[in-house]
Chemist: 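This structure is in structure tokens; I'll ask about it shortly.
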Amino acid sequence: MTAEVYLERSRKAKLKMKKRVIVGLSGGVDSSVAAYLLKEQGYEVIGLFMKNWHDDSVTISDECPWLDDSNDAMLVAEKLGIPFQTVDLSEQYKERIVDYMFNEYEKGRTPNPDVLCNREIKFDVFMKIALDLGADYVATGHYCRKGVVEKDGEEIFQLLAGQDNNKDQSYFLCQLSQEQLAKALFPIGELQKPEVREIAAKADLITADKKDSQGLCFIGKVRLPDFLQQQLKPKEGVIVEIPKNNEHYNEAPKSFSSKIEELEYLSRKAKYTVADGEIVGKHQGAHYFTKGQRKGLSVGGKVEPLFVIDTDVKENVIYTGQGKGHPGLYKKALFVSNDELHWVRPDLTLKTGETLSVLARIRYRQPLDNATLHKVESGLYVEFENFQSAITEGQFVAWYLKDELVGSGVIS
């Protein structure tokens, strides 16, 4: 056998072993660099752009329209010399994300579409398409890392925080399963954002200086009231201001017969009535507002700005309080029901009566805080060491052991 034939056979064998990765190219710098790094590492890389939305009537069109993003993604793929195509997932996106959002807002809850988009679209619908195309893995430009530990002879995958503390996006992936993590790659998780931009600039990628997108996952920057008004009709109601010295906040210290009774009390939803405060304005629908919201109330003449402390969609009333230190904004505990409880690490699932000390957060970018999980028959209480501002029904709470996100749930 000649050396040339041997080398050719070796090259073909190597190509057969080459793993195929499909990258969700969003048209941003992060996914562009993810694709570049994977190609440099010797993977067979294919770029796919997800078209999840095509109603420009509620999108601020000069900021991040999907068409510009898909063009940028295509130019990046051309530059890297990788195959590229667009997949239209707008039907699934409407069913799984948009309809869910309308339903949650109608119930007076505030959903997180980015968490849902990752669970339902990127790592479910999109992942299935990728695997059907022969992919070994699906990669995204998320700032998080994947680890692996062996337990009882089995591989268990870990979802770890990104090395860039300012950009860590593990929270948005808090609903992923072991099956999804097994097939996921996060190439930029070890990098800092400035390093990602530097790599993009050196590789001469068009997205190197592109601004980070904001707004709903793959929709772009959306006018939320306009978006919600597609299905949730305006309905005039009153804005009520609850004073800081309201009796709700001045109850004498209670004694409890059990820890569960105390947790029920700490996580309870306040029950305000219009008589508890003063009518200070009108609104066009309680379902358009969320706890902690300051903008859009259009009530002036106050010493401190008003914040939404609660909404009542049944009676169509918004309850507000002056200042971000208003006691109506703060609670120390929350509850997650069993049907909305998720363990990224099923091997760490708590049994009824068990507790676990963790670090937890109730929103993206919020610093992690010490907390204790208490498993009860109907679900799980999360009790924080410190008071939390605007614990909001429908949002996700995520809990960590050191830098590993191990579970999450929808706040009840």
Side-chain angles (χ1 to χ4, degrees), residues 21-38 49-50 52 64 69 73 97 110-124 126-127 137-147 157-178 180-200 207 210-221 342 344-345 358-369 395-410:
V21 184
I22 289 186
V23 181
L25 275 183
S26 66
V29 66
D30 299 328
S31 62
S32 303
V33 170
Y36 168 78
L37 292 173
L38 289 166
F49 177 85
M50 290 172 252
N52 287 351
C64 188
D69 286 340
I97 311 298
T110 306
N112 188 314
D114 292 298
V115 173
L116 289 165
C117 183
N118 285 315
R119 184 185 78 190
E120 299 288 331
I121 304 297
K122 289 184 206 167
F123 292 93
D124 188 41
F126 180 76
M127 184 172 264
Y137 298 104
V138 164
T140 62
H142 282 104
Y143 286 85
C144 62
R145 294 168 296 142
K146 174 178 155 181
F157 297 99
Q158 299 172 293
L159 176 59
L160 302 166
Q163 291 281 34
D164 187 335
N165 290 330
N166 192 44
K167 291 293 293 181
D168 168 39
Q169 292 173 309
S170 55
Y171 174 83
F172 289 134
L173 303 173
C174 69
Q175 289 276 293
L176 293 196
S177 67
Q178 282 292 303
Q180 290 168 320
L181 269 178
K183 296 290 183 184
L185 292 178
F186 307 113
I188 64 168
E190 304 281 346
L191 300 171
Q192 305 289 311
K193 183 75 182 202
E195 292 175 314
V196 169
R197 290 206 181 276
E198 196 181 320
I199 290 167
T207 52
K210 189 173 177 179
K211 272 198 317 185
D212 289 347
S213 66
Q214 291 177 317
L216 301 184
C217 170
F218 284 110
I219 293 181
K221 193 132 181 164
H342 173 74
V344 177
R345 287 282 303 271
V358 294
L359 295 165
R361 58 166 55 108
I362 55 169
R363 57 180 66 87
Y364 174 54
R365 284 190 183 279
Q366 181 197 28
L368 288 165
D369 194 17
Q395 291 280 291
F396 288 88
V397 57
W399 49 90
Y400 296 69
L401 294 174
K402 294 182 179 171
D403 63 349
E404 180 185 357
L405 194 159
V406 296
S408 67
V410 181

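On a predicted model such as this, the values are computed, not experimentally measured, just so you know.
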Chemist: State, with a plain yes or no, whether a side-chain heavy atom of Leu401 is found less than 4.5 Å away from one of Arg345.
Modeler: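 Leu401 does not reach Arg345 side chain to side chain.
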
Chemist: Out of the candidates Asn166, Asp168, Asp30, only one should pair with Tyr143 under the side-chain hydrogen bond (donor to acceptor under 3.5 Å, both in side chains) rule; please name it.
Modeler: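 So, applying the side-chain hydrogen bond (donor to acceptor under 3.5 Å, both in side chains) to Tyr143 and each of Asn166, Asp168, Asp30, only Asp30 qualifies.
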
Chemist: Which atom pair, heavy atoms only, marks the closest approach of Val29 to Thr207?
Modeler: CB-O, 3.3 Å

Chemist: Minimum heavy-atom separation for Tyr137 to Lys146, with atom names?
Modeler: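 Tyr137 and Lys146 have their closest heavy atoms at CE2-NZ, 4.4 Å.
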
Chemist: Do Lys167 and Arg365 have side-chain heavy atoms sitting under 4.5 Å apart?
Modeler: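 The answer is yes; the side chains approach within 4.5 Å.
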
Chemist: Roughly how far apart are Leu159 CG and Gln178 CD, rounded to 0.5 Å?
Modeler: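 Reported value, rounded in 0.5 Å steps: 10.0 Å.
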
Chemist: Quick one: do Lys122 and Asp114 make a salt bridge, cutoff under 4.0 Å?
Modeler: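 Looking at Asp114 together with Lys122, the answer is no, because their closest N to O distance does not fall below 4.0 Å.
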
Chemist: Would you confirm whether Gln366, through its side chain, and Ile362, through its main-chain N or O, come within 3.5 Å as a donor-acceptor pair?
Modeler: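 Checked: pair present.
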
Chemist: Which residue in the set Asp369, Leu368, Val397 passes side-chain contact (heavy atoms from CB on, under 4.5 Å) when paired with Arg361?
Modeler: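 Result for side-chain contact (heavy atoms from CB on, under 4.5 Å) with Arg361: Leu368.
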
Chemist: Answer yes or no: is there a donor N or O on one side and an acceptor on the other, between the side chain of Arg145 and the main chain of Gly162, under 3.5 Å?
Modeler: no

Chemist: Please evaluate residues Ile97 and Asn52 with respect to the criterion side-chain contact (heavy atoms from CB on, under 4.5 Å), reporting the C-alpha separation (whole Å), side-chain torsions for both, the decisive distance (0.1 Å), and the verdict.
Modeler: CA-CA 10 Å; Ile97 311 298; Asn52 287 351; over 6 Å; no

Chemist: Start with the C-alpha distance between Val344 and Phe157, add both sets of side-chain angles, then the distance that settles side-chain contact (heavy atoms from CB on, under 4.5 Å), and finish with yes or no.
Modeler: CA-CA 9 Å; Val344 177; Phe157 297 99; over 6 Å; no

Chemist: Can you measure from NE2 (His342) to OG (Ser177) and round to the nearest 0.5 angstrom?
Modeler: 6.5 Å

Chemist: Who passes side-chain contact (heavy atoms from CB on, under 4.5 Å) against Thr140, sequence neighbours left out?
Modeler: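 For Thr140, the residues satisfying side-chain contact (heavy atoms from CB on, under 4.5 Å) (neighbours in sequence not counted) are Phe123, His142, Phe186.
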
Chemist: What is the minimum heavy-atom distance between Ser31 and Val23, and which atoms define it?
Modeler: O-CG1, 3.9 Å

Chemist: Between atom CG of Leu405 and atom CD of Gln158, what is the distance when rounded to the nearest 0.5 Å?
Modeler: 11.5 Å

Chemist: Hey, could you give me the CZ/CG distance between Phe126 and Asn118, rounded to the nearest 0.5 Å?
Modeler: 11.5 Å

Chemist: If you take all heavy atoms of Leu173 and Cys144, which pair is closest and at what distance?
Modeler: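 Closest heavy-atom pair between Leu173 and Cys144: CD1-SG, 3.2 Å.
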
Chemist: Short question: side chain of Gln192, backbone of Gln163 - any donor-acceptor pair under 3.5 Å?
Modeler: yes

Chemist: Check Glu120, Arg119, Gln180 against Gln175 for a side-chain contact (heavy atoms from CB on, under 4.5 Å) and give me the one that passes.
Modeler: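 The residue from Glu120, Arg119, Gln180 that satisfies side-chain contact (heavy atoms from CB on, under 4.5 Å) with Gln175 turns out to be Arg119.
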
Chemist: Do the side chains of Val196 and Asp164 get nearer than 4.5 Å, heavy atoms only?
Modeler: no

Chemist: Is there a side-chain contact between Gln395 and Thr110 in this structure, where contact means two heavy atoms from C-beta onward sitting under 4.5 Å apart?
Modeler: yes

Chemist: Would you compute the distance between atom CG of Leu176 and atom OG of Ser170 and round it to the nearest 0.5 angstrom?
Modeler: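 Those atoms lie 10.5 Å apart.
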
Chemist: Check Ser26 against Phe49 and note the closest heavy-atom contact, atom names and distance.
Modeler: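 Closest approach of Ser26 to Phe49, heavy atoms only: O-CE1, 3.5 Å.
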
Chemist: Between Leu25 and Ala35, which heavy-atom pair has the shortest distance, and what is it?
Modeler: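 Taking every non-hydrogen atom into account, CD2-CB, 4.1 Å.
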
Chemist: Would you please indicate if the ring centroids of Tyr364 and Phe172 are separated by under 6.0 Å?
Modeler: yes

